[in-house]
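Here, residue 1 is the first one in the sequence, and each next residue gets the next number.
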Amino acid sequence: MPAPEVVIGVDSSTQSAKAVFVEAATGRILATGRARHRVTGEAGARESDPEGWWRALCEAVAEGFAGAGVPAAAVTGVAVAGQQHGLVVLDRSGRPLRPAVLWNDTRSAPQAAALARVLGGPAGWAARTGSVPVAAVTAAKWQWLREHEPRTADAAGAVRLPHDFLTERLTGTAATDPGDASGTGWYATGTGAYDRRTLEHIGLDPALLPGVAPTGATPVGPLTASAAAALGLVPGIAVAAGTGDNMAAAVGLGLGGAGLLGRPVLSLGTSGTVYAATRARPVSPALSGFAATDGTFLPLGCTLNCTLAVDKVAALLGLDREAAEPGGEVVLLPYLDGERTPDLPAASGLLTGLRHTTSREQLLGAAYEGAVVTVLRALDEVSRACGQDPAGPGAADVPLRLIGGGAAGRHWVETVRRLSGRPLILPHRREPVATGAAALAAGAATGEDPVALAIGWGAGEGTELPATERDIPTWERVVRVLDRAGGSLLS
């Protein structure tokens with residue numbers, strides 16, 4: 001029997017690379033390979049060596065091959081989904097001039113604030129590019145580089161996003177997609193092109209940027225011989241343009257033009273995000289008005305402090321992360337790395353409401369509550385961007401799809417249920433980003449719609465948990481503290 005056709009979807013995240021080997025016809029996952037890479041930095045700095053991403057990708061693919069048991073000739077397509085916003089500056093030979101500045105690096109907060117005041121202010125930015133600059137946005141990071149490392153900026157032969165860098169390493173072609181490009185601050189979701197006014201203002205030559213493919217499933221070049229040798233693949237197979245991690249997860253959950261629209265996803269990972277797919281272009285200054293990778297849009301709210309912040313609190317208290325109890329009177333806002341939503345890049349954590357009777361377990365539970373309330377507050381704005389009234393009849397009956405590493409944690413799940421009061425769906429597939437990338441790879445190889453392919457694979461199906469009564473007292477207590485203490489959160 002000939003081996004089934006296989007596609008590889010790569011999730012190059014903040015801390016690791018994952019490569020899933022998927023049977024293209026059925027969506028069956030044959031194997032998953034994993035490899036870690038390093039994040040360095042302190043005092044707001046977060047950086048990684050892009051070459052480390054490539055080494056991790058190669059290691060993950062090698063591990064996947066060992067588990068899948070298929071010949072190299074069975075693989076027909078590859079796509080990469082990567083962490084968004086990172087600034088990768090290359091020399092004229094395509095080698096990094098410095099470590100990549102990552103999405104959660106907050107050193108560019110002053111540059112983001114300065115950008116937000118110009119070119120029409122927040123409303124103008126939202127109308128033009130879809131998003132108001134914050135420290136995460138790549139345009140602010142480029143401004144920071146120009147001010148602090150001007151020689152590096154002047155020597156740049158190319159500027160890429162993390163997934164662009166890896167796609168170019170696979171194909172030799174400089175390419176990105178509308179989804180990941182929409183997180184840069186220099187791509188206009190209204191025109192579907194790089195924004196001339198922004199590029200001129202930040203002094204970035206558009207010739208340094210990759211071309212923008214129509215979708216993340218667009219083939220951007222065959223796999224080169226050198227990349228094939230590094231990965232153990234056959235040269236010439238299809239490589240898709242790929243996309244950002246959130247856009248790939250949407251594909252992997254069956255969200256988009258061929259699938260579910262307006263159905264929210266809450267991702268619990270290094271960051272906490274909430275988003276939904278819609279045909280309407282979002283223009284809310286309170287959201288990241290991203291493009292999706294299939295021609296729709298993906299309004300998104302993102303927080304910096306989620307699972308890692310809670311794990312840090314657990315470590316400080318000497319507790320297992322599952323040892324938490326509801327926080328009682330305690331409120332803990334675990335803004336250990338600054339915060340993006342709300343936009344408080346210099347914030348530090350805040351603890352209030354301590355009593356003699358407060359236990360360590362309650363303190364840990366309060367960290368969960370602070371993180372969950374922060375990301376759920378963005379959900380109402382996402383609903384409005386999708387044309388829905390978050391307080392309207394039946395709104396609370398719409399289930400949340402819960403993904404990310406936190407979705408495997410009992411206390412994370414129960415805290416989201418308790419504070420949202422909504423039913424939850426826990427998708428059976430644990431790697432929606434890599435699955436979405438695999439669907440993009442299959443789309444590049446076959447010409448089929450990747451969202452439709454993912455739906456055919458059972459994307460988004462999962463265990464349904466009924467709604468529980470919403471914990472309004474805890475919600476209101478956390479919100480009151482956050483609203484009162486916004487200024488005092490600045491370190």
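Formation of a donor-acceptor pair under 3.5 Å by the Thr293 side chain with backbone atoms of Gly216 is found in this model. A donor-acceptor distance shorter than 3.5 angstrom exists from the side chain of His85 to the backbone of Gly183, with no hydrogens or angles considered. In terms of modelled atom types and a separation under 3.5 Å, the side chain of Glu322 and the main chain of Arg410 share a donor-acceptor contact. With Arg430 contributing its side chain and Ile403 its backbone, the two residues share no donor-acceptor pair below 3.5 Å. At distances below 3.5 Å, not a single donor-acceptor pair connects side-chain atoms of Thr296 with backbone N or O atoms of Ala292. Looking only at distances, no side-chain donor or acceptor of Glu461 sits under 3.5 Å from a matching main-chain atom of Pro427. At distances below 3.5 Å, not a single donor-acceptor pair connects side-chain atoms of Ser131 with backbone N or O atoms of Ser288. Formation of a donor-acceptor pair under 3.5 Å by the Asp105 side chain with backbone atoms of Arg46 is found in this model. Put simply, the side chain of Thr106 never gets that close to the backbone of Ala109: no donor and acceptor are under 3.5 Å apart. Remark: the backbone N or O of Leu304 is paired with a side-chain donor or acceptor of Glu339 at under 3.5 angstrom.
Rounding to the nearest 0.5 angstrom, the gap separating the OG atom in Ser359 from the CG atom in Leu319 is 8.5 Å. The CG atom of Asp177 lies 8.0 Å from the CG atom of Asp164; values are rounded to the nearest 0.5 Å. Separation of atoms OG (Ser13) and CZ (Arg36) is listed at 8.0 Å; rounding is to 0.5 Å. Atom CG of Asp471 is separated from atom CD of Glu476 by 9.5 Å, given to the nearest 0.5 angstrom. Separating the CG atom in Leu166 from the CG atom in Leu161 is a distance of 11.0 Å, to the nearest 0.5 Å. Atom OG of Ser383 and atom CZ of Arg263 lie 11.5 Å apart (nearest 0.5 Å).
Here the side chains of Trp457 and Val22 are in contact, with some heavy-atom distance below 4.5 Å. A 4.5 Å side-chain heavy-atom check between Val10 and Lys18 finds every atom pair outside the cut-off. At a threshold of 4.5 Å between non-hydrogen side-chain atoms, the residues Arg417 and Pro466 count as touching. A heavy-atom distance below 4.5 Å is not found between the side chains of Arg401 and Pro264. Contact annotation: the side chain of Ile425 never approaches that of Leu400 to less than 4.5 Å [non-hydrogen atoms, C-beta and beyond]. In this structure the side chain of Phe290 reaches within 4.5 angstrom of the side chain of Gln84, judged on heavy atoms. Side-chain contact between Leu419 and Val373 is present, with at least one heavy-atom pair separated by less than 4.5 Å. With a 4.5 Å cut-off on side-chain heavy atoms, Thr273 and Leu266 do not count as touching.
In summary, the side chains of Thr129 and Asp195 do not present any donor paired with an acceptor at a separation below 3.5 Å, with no hydrogens or angles considered. Side-chain atoms of Thr243 and Asp180 form no donor-acceptor pair, as typed in the model, at a separation below 3.5 Å. Residues Arg281 and Thr189 have side chains that bring a donor and an acceptor to within less than 3.5 angstrom of each other. Counted by atom type alone, Gln111 and Ser108 present zero donor-acceptor pairs between their side chains at under 3.5 Å. No side-chain donor-acceptor contact under 3.5 Å links Thr474 and Glu369. Using modelled atom types, one finds no donor on one side chain facing an acceptor on the other under 3.5 Å when comparing Thr215 with Asp294. Between the side chains of Thr198 and Tyr187, no donor N or O sits under 3.5 Å from an acceptor N or O.
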Apply side-chain contact (heavy atoms from CB on, under 4.5 Å) to residues Val6 and Thr76 and explain how you reach the verdict.
CA-CA 6 Å; Val6 174; Thr76 60; over 6 Å; no
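Cation-pi geometry between Arg477 and Trp475 is not met at under 6.0 angstrom from the ring centre and within 45 degrees of the axis.
Between Trp53 and Phe165, the angle of the ring planes goes over 60°, which puts this pair in the perpendicular group of the 30/60° scheme.
At most 12 non-hydrogen atoms from other residues, nucleotides or ligands lie less than 6.0 angstrom from CD of Glu5.
Ionic pairing of Arg34 and Glu63 is not present here: no N-O contact between side-chain nitrogen and carboxylate oxygen is shorter than 4.0 angstrom.
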